[in-house]
Amino acid sequence: KPAPLKVSRVFRHANLGHLRIRSTKGLKSISGVIEQHRPKEALELGLRIHKRNFHVYVSGPPGTGKTTTTMRLIRKAAKRCSVPNDLVYVHNFRHPEAPMALQLAPGQATPFKKAVQDFINNLRREMPDAYHAKEHQEQIQATLNRGMELENESFVELKEKAAELQFIVRTNKQGITVLPVVDEKPLAQKEYAEQPRSVREDIERRRKMLDPLLSEFFEFSREVEKETQKEIQSLQRYMGELVVRTHLNSLEAFSEKAPEIAKYVDVLIEDILTNLEHFLPDETDEERSREVFTKTHPEYQVNVAVDNVDLKGAPVIVEDRPTFYNLFGRIEKKVEYGIYSTDHTMVQAGSMIRANGGYLVLNAEDLLGQPGVWTTLKASLRNRQVRIEDLGEAHGFLPTSGIRPQPVPSNVKIVLIGNQSIYDLLYRSDDDFSKLFRVKAEFDDTVDRNRTTERAYARFVAGVCERDSLLPVSLKGL
């Protein structure tokens, strides 16, 4: 039969004489929690490894300080990392349904957006002046006159050949009218019907000889108009190039630093020169002319998705509401006349993209409670890229977005905080979990009792007193 324990054996008296203090007033306080060395070392290891699939799961009961310790170590690690690139979305002129994601040096996204906006505004202001310049208008008029002279010469030649076949060719608002001549007198339709059959047959025989000449004239006129229009477009493009070249310096500063930006600027300029009507007034439509100065063209706008100008090190994002759209981003829509529409300017980055190049902290229970999030998160980590799409489209339902933004390369460290039961559940039931989260930091609700931990506990109490403006705790109180 076991011997009963005495009260003195059940209770361990704390002998804190080794602290050599009268109260917590003389101790250096701990602002956080009493750290546990093993999970701390595991966390530091996981945060140091910047390789694929070395994401971290932090487990432990509530009140063990796992979140406080985790955040402190993450922020410390983030300071040692470099600031990641900014991200912008721009219109894809070759494939409008797939907006492009471009990366710039940290802090350059907003200046690039302003440079493009200023560039477009300058063109909108100066292109009409260049168009109405005397020299440019004279060149256009000279080109039109040459075309008209060629058409007039061809028409005169047609009239002469038609006269030889006893026809008169006239022009009117509807085009060209051909009248047969009998006895030096042009015949109208009614008079033609009153002619004898032999006369009508002779007219038709001569008309068949005239038809190829008419076809040749019309073909020549079309070619002249086509060439004239081509020359005018060439003049317009040259005029546009002169204006564009004047304001290109601000964009070239960004192009020199990033090949992707250089390609985009080249395509942007080509689209502007191809669609100069966006910048030129319509002389025949006053309302359309006013739109040139008031209408904004989204295809020439830059959408800043991530701006790291204020960062000092890697980003640390704590997503306390990890819904599908908060985590992966969304494509907003607008309604005009009852019709939904969207474009690249309405693409919004989520936490996965904003934390790119840094750390994203998630609560496991909150994450698993959101529909579609866990599956999409695993796919993003496996493929090392983030797609911004509608929830229905991501999971095989009806597509509704209308656009599919270019995926963003992902280099983010996920730190998942949860309890041990969630970890065990995922480890047993999800084969991908152990492949993606290879580092586990397990916090416990007990620590070894020794002089070191007793001193740490006393310092923790001192920190609470200092934080909450409380009186110091005496040695006896400890």
Side-chain angles (χ1 to χ4, degrees), residues 43 46-47 50 52-60 62 65-79 81 83-87 89 101 304-308 310-332 346-391 394-395 405 407-419 422-423 425-426 430 432-433 436-437 439-441 443:
L43 254 174
L47 298 177
H50 296 285
R52 183 178 183 181
N53 296 338
F54 278 86
H55 304 286
V56 182
Y57 188 96
V58 180
S59 70
K66 60 181 183 294
T67 301
T68 303
T69 302
T70 299
M71 293 307 303
R72 186 180 66 81
L73 293 178
I74 289 177
R75 292 192 174 97
K76 182 179 178 181
K79 291 179 181 179
C81 300
V83 180
N85 288 335
D86 292 352
L87 181 74
Y89 282 98
V304 177
V306 178
D307 186 357
N308 292 324
D310 296 324
L311 276 185
K312 306 294 182 184
V316 178
I317 303 295
V318 180
E319 184 53 76
D320 54 4
R321 193 166 178 268
T323 64
F324 183 89
Y325 294 116
N326 286 349
L327 202 56
F328 304 106
R330 70 179 69 241
I331 302 173
E332 297 179 344
M346 288 181 275
V347 177
Q348 302 295 324
S351 301
M352 281 285 288
I353 292 179
R354 290 187 288 111
N356 208 5
Y359 304 89
L360 176 59
V361 182
L362 302 168
N363 180 278
E365 186 176 356
D366 294 340
L367 179 74
L368 296 174
Q370 296 294 334
V373 170
W374 177 244
T375 303
T376 308
L377 176 63
K378 291 191 298 179
S380 298
L381 297 179
R382 281 197 309 266
N383 302 325
R384 304 195 75 179
Q385 63 179 18
V386 181
R387 292 182 179 274
I388 299 181
E389 53 192 348
D390 286 330
L391 179 59
H395 294 277
V408 178
S410 178
N411 180 29
V412 61
K413 174 79 70 176
I414 303 295
V415 178
L416 200 57
I417 301 178
N419 55 44
I422 293 179
Y423 178 87
L425 175 65
L426 291 173
D430 193 326
D432 293 327
F433 177 72
L436 295 172
F437 290 82
V439 179
K440 181 188 179 187
F443 285 77

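Model, not experiment: these values are computed from the prediction.
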Engineer: Supply the atom-to-atom distance Arg75 CZ to Leu73 CG, rounded to the nearest 0.5 angstrom.
Structural biologist: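 Going from the CZ atom of Arg75 to the CG atom of Leu73 covers 11.0 Å.
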Engineer: Return the CD to CG distance between Glu319 and Asn363, rounded to the nearest 0.5 Å.
Structural biologist: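 Interatomic distance, Glu319 CD to Asn363 CG, rounded to 0.5 Å: 11.0 Å.
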Engineer: Just wondering, do Pro315 and Arg354 contact through their side chains at under 4.5 Å, heavy atoms?
Structural biologist: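 Counting from C-beta outward, Arg354 and Pro315 never come under 4.5 Å.
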Engineer: Looking only at heavy atoms, what is the nearest atom pair of Asp86 and Asn308, with distance?
Structural biologist: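 Residues Asp86 and Asn308, closest heavy atoms: OD1-N, 2.8 Å.
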Engineer: With rounding to the nearest 0.5 Å, note down the distance linking CG in Leu377 to CD1 in Ile414.
Structural biologist: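 If I round to the nearest 0.5 Å, the distance is 5.5 Å.
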Engineer: May I have the step-by-step check of side-chain contact (heavy atoms from CB on, under 4.5 Å) for Leu43 and Phe443, ending in yes or no?
Structural biologist: CA-CA 11 Å; Leu43 254 174; Phe443 285 77; 4.2 Å; yes
Engineer: If I compare all heavy atoms of Glu389 with all of Tyr325, which pair ends up nearest, and what's the gap?
Structural biologist: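 Answer, listing the atom of Glu389 first, then Tyr325: O-CE2, 4.0 Å.
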Engineer: Measuring from atom CG of Leu416 to atom CH2 of Trp374, what distance do you get when rounded to the nearest 0.5 angstrom?
Structural biologist: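 Rounded to the nearest 0.5 Å, the CG-CH2 separation comes out at 6.0 Å.
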Engineer: Using side-chain contact (heavy atoms from CB on, under 4.5 Å), reason through Val316 and Met71 one step at a time and then give a plain yes or no.
Structural biologist: CA-CA 9 Å; Val316 178; Met71 293 307 303; 3.9 Å; yes
Engineer: Looking at every heavy atom in both Leu87 and Ala101, which two are closest together, and how far apart are they?
Structural biologist: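 Heavy-atom minimum between the residues: CD1-CB, 3.9 Å.
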Engineer: Do Val408 and Tyr89 have side-chain heavy atoms sitting under 4.5 Å apart?
Structural biologist: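 Yes, at least one pair of side-chain atoms sits under 4.5 Å.
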Engineer: Enter the distance from Ile417:CD1 to Ile422:CD1 here, rounded to the nearest 0.5 Å.
Structural biologist: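 Reported to 0.5 Å precision, the distance equals 11.5 Å.
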Engineer: Please check if the side chain of Asp430 supplies one atom and the backbone of Leu426 the other of a donor-acceptor pair under 3.5 Å.
Structural biologist: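 Answer holds: no.
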Engineer: Evaluate side-chain contact (heavy atoms from CB on, under 4.5 Å) for Lys413 paired with Phe54, printing each intermediate quantity in order.
Structural biologist: CA-CA 8 Å; Lys413 174 79 70 176; Phe54 278 86; 3.9 Å; yes
Engineer: Answer yes or no: is there a donor N or O on one side and an acceptor on the other, between the side chain of Asn411 and the main chain of Gly357, under 3.5 Å?
Structural biologist: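 No, because the side chain of Asn411 does not come within donor-acceptor range (under 3.5 Å) of the backbone of Gly357.
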Engineer: CG/Asn356 to CD1/Ile317 distance, rounded to the nearest 0.5 angstrom?
Structural biologist: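 Here the interatomic distance stands at 11.0 Å.
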Engineer: Backbone N or O of Leu381 within a donor-acceptor pair of the Ser410 side chain at under 3.5 Å?
Structural biologist: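 Answer holds: no.
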Engineer: For Ser380 and Val386, which heavy atoms make the closest approach, and how far apart are they?
Structural biologist: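 Distance-wise, the nearest heavy atoms are OG-CA, 4.4 Å.
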Engineer: Do you know which two heavy atoms are closest between Ile331 and Pro405, and how far apart they sit?
Structural biologist: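 Scanning both residues completely, I find the closest heavy atoms to be CD1-CD, 3.7 Å.
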Engineer: Can you spot which of Val373, Ile388, Ile353 makes a side-chain contact (heavy atoms from CB on, under 4.5 Å) with Phe328?
Structural biologist: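 Of all the options given, the one that passes is Val373.
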Engineer: Under 3.5 Å, side chain of Lys66 to main-chain N/O of Ala441, donor-acceptor pair present?
Structural biologist: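 No; zero donor-acceptor contacts below 3.5 Å.
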Engineer: Could you tell me which non-hydrogen atom of Pro371 sits nearest to which non-hydrogen atom of Phe324, and how far apart they are?
Structural biologist: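 Smallest interatomic distance, heavy atoms only, reads O-CB, 4.5 Å.
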Engineer: Between Leu327 and Leu362, is the side-chain contact (heavy atoms from CB on, under 4.5 Å) condition met? List the steps.
Structural biologist: CA-CA 10 Å; Leu327 202 56; Leu362 302 168; 3.8 Å; yes
Engineer: Using 30° and 60° as the class limits, which term best fits the ring planes of Phe437 and Tyr57: parallel, tilted or perpendicular?
Structural biologist: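 The arrangement is perpendicular - the two ring planes meet at more than 60°.
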